[in-house]
Amino acid sequence: MEFDRYRQAGAAARLMLVEAAAKRFDVAPSQIRTESGVVIAGDQRATYGELADDAGKLPVPDPASIKFKEAKDWRLIGKPTPRLDTPEKITGQAKFGMDVQFDGLMTAMVARPPVFGGSVKSFEGAAALAVPGVHKVVQVPSGVAVIADHYWAAKLGRDALEIDWDLGPNTGLDSQKLLSSFRKLAATPGISAGKAGDATAALGKAAKKINVEYSVPYLAHAPMEPLNCTVKISQDKCEIWTGTQFQTLDQMIAGKITGLKPEQVEIHTEFLGGGFGRRANPTSDFVAEAVQVAKAAGAPVKTVWSREDDIRGGYYRSMFLHQANVGLDADGMPVAWKHVLVGQSIMADTSLEASMVKGGVDKTSVEGVADSPYLEHLANHQVELHSPKTGIAVLWLRSVGHTHTAFVMESLIDELAEAAGKDPVEYGRTLLKNHPRHLGVLNLAVEKANWGAPLPDGHAVGVAVHESFGSYVAQVAEV
């Protein structure tokens, strides 16, 4: 469906660009051709970008009047197309945020509280200032910044800081205590995220019951290039060089910090060395911090996070607890399914809440369970969610809720197949009989893996199939 809509949008835009060019060149639209982002009429040429403003003022063509390019004339769709950035990355010429350098640029590292929610009571920077290359030690909202000629001086200076921290309300927080609190929540009624029939009554009549618990930890994004951001502030302009996934918000927040209008903030987007969602968060934390540091320094500064900073100081995919009670009939097939999830909401405290949190349920927490094909046709099922707040900042991570729900659901199917005494592939095929795309990738994967063939001693195979964001994937692992 989206394929045709994109084609319609693209074809309409092309017609509008041609019409704009026809007026500019004073020729009939029939005398115009387009090629590689350029509109051509004889020896007259204009790029799409040069025509975009004029084209945008024209009425959008009636969809019924749009003629699509025929498949035989496609130049890119369905054909191998090299990435434009491949040569730069192979030769090492690609410039990442960490590579930004210019005359007068200093480097900073920030000492941040050892506990989320902590703050600086007081600090002593004399030992840091004694490190060769260190120029300034300043307090910023996120901690204490050491500003130096280069990274190593900034690091040694930061190591030498003496800081008295107010650790705040989260001093005693640890993973085991959190997991224990999640278990207590799971034992209480949650918010319904999906329900059909009477799962409790059906469980009571089941021939066999499976009760399982899965837990997954907080996950850091850990992009290959640690966070960094270079900022240069003048009286009427703020320039930012960084790898970012959220330019619009970065621009707004930098404007507020500097007192400039958003249009006075210029962001140079560098290659970002991996983001996975970390470089797009509701507070633009690493960009905002770098702007604060440069503002306090009164000079251009590149604020750099170490790998350790990156792991212990940012946003995470939430820890999640899953508890499932599944009832099987005499043939080992599910007849009842109760599933409780406990984990922090990534949407509840953001501007996205209205679209993603309905009735108290963050859809990103339960995707892959509440809409699972295994539950869709099950007459008796119940999915409940608890979204506790813990003091730990959480964020989307690539594939979002599916990072934990795919693992849990496919592991559960293996457990059910084992309880039913059936091959997991045949078991999955039965459950997915009304889902041809799931079945298609499952069948292809097991065919390619030669499922069922004898294995060497000490070897085993496992299979999983899952859909997220319109992509259907099956995997077979030999261990």
- Message: salt bridge (Lys or Arg N to Asp or Glu O under 4.0 Å) for Glu467 and Arg437? Distances and angles first, verdict last.
- Response: CA-CA 9 Å; Glu467 177 272 326; Arg437 293 195 64 184; over 6 Å; no

- Does the distance from a Lys or Arg side-chain N to an Asp or Glu carboxylate O, for Asp285 and Arg279, drop under 4.0 Å? no

- Task: Kindly say whether the aromatic ring centers of Phe276 and His221 come within a distance under 6.0 Å.
- Result: no

- Note on the structure: CG (Leu321) and NE2 (His386) are apart, to the nearest 0.5 Å, by 9.5 Å

- Item | Trace of the side-chain contact (heavy atoms from CB on, under 4.5 Å) decision for Glu19 with Leu17 | CA-CA 5 Å; Glu19 187 179 342; Leu17 290 163; over 6 Å; no

- Message: Between Glu289 and Arg112, does any side-chain N to carboxylate O distance fall below 4.0 Å?
- Response: yes

- Nearest heavy-atom approach of Leu395 to Arg278 is CD2-CA, 3.9 Å

- Message: Has Thr81 got a side-chain atom pairing as donor or acceptor with Lys79's backbone, closer than 3.5 angstrom?
- Response: yes

- Is it the case that more than 12 heavy atoms not belonging to Arg312 sit under 6.0 Å from its CZ atom? no

- Task: For Trp451 and Val461, indicate whether the former's side chain and the latter's backbone hold a donor-acceptor pair under 3.5 Å.
- Result: no

- Message: Could you check whether any side-chain N or O of Gln344 sits under 3.5 Å from a backbone N or O of Ile392, counting only pairs where one atom can act as donor and the other as acceptor?
- Response: yes

- Item | For the student: nearest non-hydrogen atoms of Ala108 and Val301, plus distance | CB-CG1, 3.5 Å

- Message: Within the supplied structure, the quantity of interest is the number of heavy atoms (other residues, nucleotides, ligands) at a distance under 6.0 Å from Asp26 CG; does it exceed 12?
- Response: no

- Query: With a 4.5 Å limit on heavy-atom distance, are the side chains of Gln264 and Lys237 in contact?
  - Reply: no

- Task: Report the distance from atom CD1 of Ile66 to atom CD of Gln8, rounding to the nearest 0.5 Å.
- Result: 5.0 Å

- Query: Quick one: does Gln251's side chain have a donor or acceptor within less than 3.5 Å of a partner on Pro262's backbone?
  - Reply: yes

- Pairing of Lys89 and Asp85 as salt bridge, 4.0 angstrom limit: yes

- Task: Could you tell me whether the side chain of Asn281 and the main chain of Ser284 form a donor-acceptor pair under 3.5 Å?
- Result: yes

- Item | Residue pair Ala55 / Met16: nearest heavy atoms and the distance that separates them | O-CE, 3.2 Å

- Message: So, taking the atom named CZ in Phe286 and the one named CH2 in Trp305, what distance separates them when rounded to the nearest 0.5 Å?
- Response: 9.0 Å

- Message: Would you say the ring centers of His381 and Trp337 fall short of 6.0 Å from each other?
- Response: no

- On a heavy-atom basis, the closest approach of Val463 and Pro424 is CG1-CB, 4.4 Å

- Query: Short question: side chain of Asn228, backbone of Thr303 - any donor-acceptor pair under 3.5 Å?
  - Reply: no

- Task: Measure centre to centre between the rings of His402 and Phe469, then say whether the value is under 6.0 Å.
- Result: yes

- Task: For side-chain contact (heavy atoms from CB on, under 4.5 Å), just list the numbers for Arg317 and Val216, CA-CA rounded to whole Å, side-chain angles, deciding distance to a tenth of an Å, and then say yes or no.
- Result: CA-CA 10 Å; Arg317 194 287 311 273; Val216 294; 3.5 Å; yes

- His404 vs Phe320 aromatic rings, parallel, tilted or perpendicular, using cut-offs 30° and 60°? parallel

- Query: Tell me, do Ser306 and Asp309 make a side-chain contact under 4.5 Å, heavy atoms counted?
  - Reply: yes

- Test item: Asp414 side-chain N/O and Gly462 main-chain N/O as donor-acceptor pair under 3.5 Å: no

- Query: Is there a side-chain contact between Asp236 and Ser234, using heavy atoms and a 4.5 Å cut-off?
  - Reply: yes

- Item | Residues Lys302 and Asp99 bridged, charged N to O under 4.0 Å | no

- Can you check whether Leu249 reaches Ile253 side chain to side chain, under 4.5 Å on heavy atoms? yes

- Would you confirm whether the ring centroid of Trp74 sits within less than 6.0 angstrom of the ring centroid of Phe68? no

- Is it true that the side chains of Thr244 and Asp250 contain a donor and an acceptor less than 3.5 Å apart? yes

- Could you point out which residue of His435, His438, Glu410 forms a side chain to side chain donor-acceptor pair (under 3.5 Å) with Tyr374? Glu410

- Does Gln475 CD have over 12 foreign heavy atoms under 6.0 Å away? no

- Please confirm whether the backbone N or O of Gln382 pairs with a side-chain atom of Lys195, one donor and one acceptor, at under 3.5 Å? no

- Query: Mind checking whether Tyr214 and Met409 have side chains closer than 4.5 Å, heavy atoms only?
  - Reply: no

- Query: Would the number of heavy atoms belonging to other residues, nucleotides or ligands and lying under 6.0 Å from CD1 of Ile77 be above 12?
  - Reply: yes

- salt bridge (Lys or Arg N to Asp or Glu O under 4.0 Å) evaluation trace for Asp54 with Arg24: CA-CA 9 Å; Asp54 290 343; Arg24 182 176 296 192; 3.0 Å; yes

- Query: Counting distance only, does the side-chain N/O of Tyr316 pair as donor-acceptor with the main-chain N or O of Ile311 below 3.5 Å?
  - Reply: yes

- How many angstroms lie between atom OH of Tyr218 and atom OG of Ser318, to the nearest 0.5 angstrom? 4.5 Å

- Query: Any side-chain heavy atom of Ile32 sitting closer than 4.5 Å to one from Ile40?
  - Reply: no

- Message: Quick check for you: to the nearest 0.5 Å, what is the distance between Thr230 atom OG1 and Ile240 atom CD1?
- Response: 10.0 Å

- Under 3.5 Å, is there a donor-acceptor pair between the side chain of Glu225 and the main chain of Met98? yes

- Take Ile267 and Val287 through the test side-chain contact (heavy atoms from CB on, under 4.5 Å) and record every step on the way to the result. CA-CA 10 Å; Ile267 296 181; Val287 174; 6.0 Å; no

- Message: Quick one about Thr269 and Gln247 (side-chain donor to acceptor, distance below 3.5 Å, no hydrogens or angles considered), yes or no?
- Response: yes

- How about Arg45: does its CZ atom have over 12 heavy atoms from other parts shown lying under 6.0 Å from it? no

- When rounded to the nearest 0.5 Å, the distance separating OG1 of Thr91 from CD of Glu88 is 7.0 Å

- Note on the structure: The side chain to side chain donor-acceptor pair (under 3.5 Å) partners of Thr34 (sequence neighbours excluded) come to Arg14

- Task: Evaluate the side-chain proximity of Met347 to Thr364: yes if any heavy-atom separation is below 4.5 Å, no if none is.
- Result: yes

- Query: Does any non-hydrogen side-chain atom of Val231 lie less than 4.5 Å from one of Glu239?
  - Reply: no

